[in-house]
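Worksheet: the structure to be examined is printed underneath.
The chains referred to below are lettered A, B, ... by the order of the sequence lines, with proteins before strands, and numbering in each begins at 1. Fair warning: this is a prediction, and the values are worked out from it, not measured in the lab. Just so it is clear, the values below take in all heavy atoms, side chains as well, and ignore hydrogens, waters and symmetry mates.
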Protein chains: 2
Amino acid sequence: MAKAGSPSKVATAGTARSANTRRALVDAAIETLKEHGFSGASARAIAERAELNQGLVFYHFGSVANLLLAALDAVSESRMVRFSAAVTSVSSPAELMDVAAQIFREDLDTGHVTVLVEMIAGASSTPGLGAEVASRIAPWFTFTQNAIDSTFGASPFASLLPSDDLAYTIVALFLGLEMLTHLDGDRERALSIFGHAQQLVALLGAFSTFAPPKETS
Amino acid sequence: MAKAGSPSKVATAGTARSANTRRALVDAAIETLKEHGFSGASARAIAERAELNQGLVFYHFGSVANLLLAALDAVSESRMVRFSAAVTSVSSPAELMDVAAQIFREDLDTGHVTVLVEMIAGASSTPGLGAEVASRIAPWFTFTQNAIDSTFGASPFASLLPSDDLAYTIVALFLGLEMLTHLDGDRERALSIFGHAQQLVALLGAFSTFAPPKETS
DNA sequence: GTCTATACTTGGATAGAC
DNA sequence: GTCTATCCAAGTATAGAC
């Protein structure tokens with residue numbers, strides 16, 4: 001499946017300025033994905049933005065698809081760090097909603113979710129890419145599910161809406177809202193929706209007692 | 001904005017076999033979008049599938065982007081017809097949920113929503129395409145909102161979740177679920193989620209009386 | 001080991017044939 | 001008016017320079 005070659009293939013540890021070049025390419029790939037989408041993220045376009053020779057894409061990553069996956073890894077990791085930090089300070093469903101809204105706002109500004117969306121949508125163009133993207137999205141489901149479990153876990157609502165399905169739904173909603181917002185440029189619409197969701201959670205809280213702050217292990 | 005030319009430009013009524021060629025190209029464009037996504041939907045790929053000369057794309061539609069928009073129009077119209085028919089027989093929120101689940105299942109099978117998703121995600125590649133796609137998505141918001149108003153309209157929940165925001169959310173959820181399902185191939189997951197939504201609506205119905213079947217005008 | 005110059009392939013677009 | 005043969009630009013990939 002992967003072609004054997006001498007230099008880097010998929011992700012050589014490498015040393016020296018190689019790392020700099022790779023980082024520059026990954027950064028440029030992220031920006032290009034945000035600005036011109038998957039179909040606009042060619043080796044030439046990315047290299048031009050990084051002010052590097054186009055051939056370096058293939059030397060360091062083997063293919064454009066591999067570089068884009070590295071870009072997806074980078075944003076995914078950075079977002080996961082940010083998410084984790086934000087969620088640790090959360091103890092109630094209402095607070096979790098606040099964090100979710102805040103995170104969504106940030107993602108809208110930074111364009112990080114756009115990278116996910118473009119990679120998912122672009123996955124169907126290249127054989128095998130879908131599976132690679134899917135394995136990189138998977139952590140988001142478990143992360144979201146954990147966040148739900150540790151706040152809504154003891155709530156009576158948990159029984160009629162399993163947290164894995166809810167997590168899947170929330171990720172889908174994030175992606176869908178990002179896509180539409182990116183399309184129509186109507187930031188306020190999505191933020192208004194998060195506002196309603198916050199109210200709704202508050203209302204649900206009035207009907208029943210939720211789980212107390214649950215420390216992480 | 002649009003380049004003036006002799007033959008068809010954007011959508012000439014045309015006559016004779018021209019219409020056949022155009023239809024064949026549109027059909028092939030839809031299939032190509034479903035199978036290879038926006039970035040794989042080149043003039044060559046589409047024409048090859050239609051067994052037509054690649055240059056016909058430009059003669060009949062002026063550009064690949066215009067052909068893809070025509071494809072979006074076609075699926076959008078066909079889905080709108082299907083939707084409208086399904087919704088007219090609906091009189092309660094529970095029934096509306098049934099119809100929504102049914103429609104989603106159909107869209108998953110036919111791949112119609114994939115076309116929307118690919119066009120939205122691909123819009124950022126070509127200047128001006130985003131606005132065109134947005135104007136073709138807009139009817140879906142108003143349609144969804146109308147469906148909500150005529151079933152949930154008199155419900156007390158309408159006050160805490162405006163129907164336009166709810167419609168936007170539902171469209172976003174549709175797109176997001178389709179994207180994820182297409183990625184991981186897990187049909188059952190999305191259908192399970194619709195099942196929970198149906199239960200939830202039923203539960204809400206138990207808390208309060210909903211509006212009676214409201215005839216269209 | 002790192003990078004550049006070059007080869008080759010695919011895609012968009014049109015001049016001109018029918 | 002409809003379509004095809006052809007042109008040029010952009011994309012991927014690599015052989016070879018440093």
Please confirm whether A:F174 and A:W140 have ring centers closer than 6.0 angstrom. no
side-chain N/O B:S18 vs D:dG1 OP1/OP2, d < 4.0 Å: no
Before accepting this row, confirm whether a basic side-chain N of the pair B:R79/B:E106 lies closer than 4.0 Å to the acidic partner's carboxylate O. yes
So what does B:V64 touch, heavy atoms closer than 4.0 Å: a base, only the sugar-phosphate, or nothing? sugar-phosphate
Please confirm whether the shortest side-chain N or O distance from A:R17 to OP1 or OP2 of C:dC3 is below 4.0 Å. yes
A:Y59 has an atom OH; how far is it from atom P of D:dA17, in whole Å? 17 Å
Can you tell me how far CG of A:L108 sits from CD of A:E178, rounded to the nearest 0.5 angstrom? 6.0 Å
Please state how far atom CG in B:L25 lies from atom P in D:dT4, giving the value in whole angstrom units. 11 Å
Side-chain N,O (A:H60) to OP1/OP2 (C:dC3) below 4.0 Å: yes
Out of the candidates A:E31, A:E35, A:H36, only one should pair with A:R49 under the side chain to side chain donor-acceptor pair (under 3.5 Å) rule; please name it. A:E35
Side chain of B:F58 - closest among C:dG1, C:dT14, D:dC3: C:dT14
Please find out if less than 6.0 Å separates the ring center of B:F38 from that of A:F38. no
Rounded to whole Å, how long is the line connecting atom CG of B:L67 with atom P of C:dG11? 15 Å
Strand contacts (DNA chain C) in residues 42-56 of chain B, 4.0 angstrom heavy-atom criterion: B:S42, B:A43, B:R44, B:Q54, B:G55
For C:dT2 and A:T21 - does any side-chain N or O of the residue sit under 4.0 Å from the phosphate oxygens OP1/OP2? no
Check: B:S192 side chain, B:E188 main-chain N or O, donor-acceptor pair, under 3.5 Å: no
Take the protein atom CZ of A:R22 and the nucleotide atom P of C:dG1, then report the distance between them rounded to whole Å. 14 Å
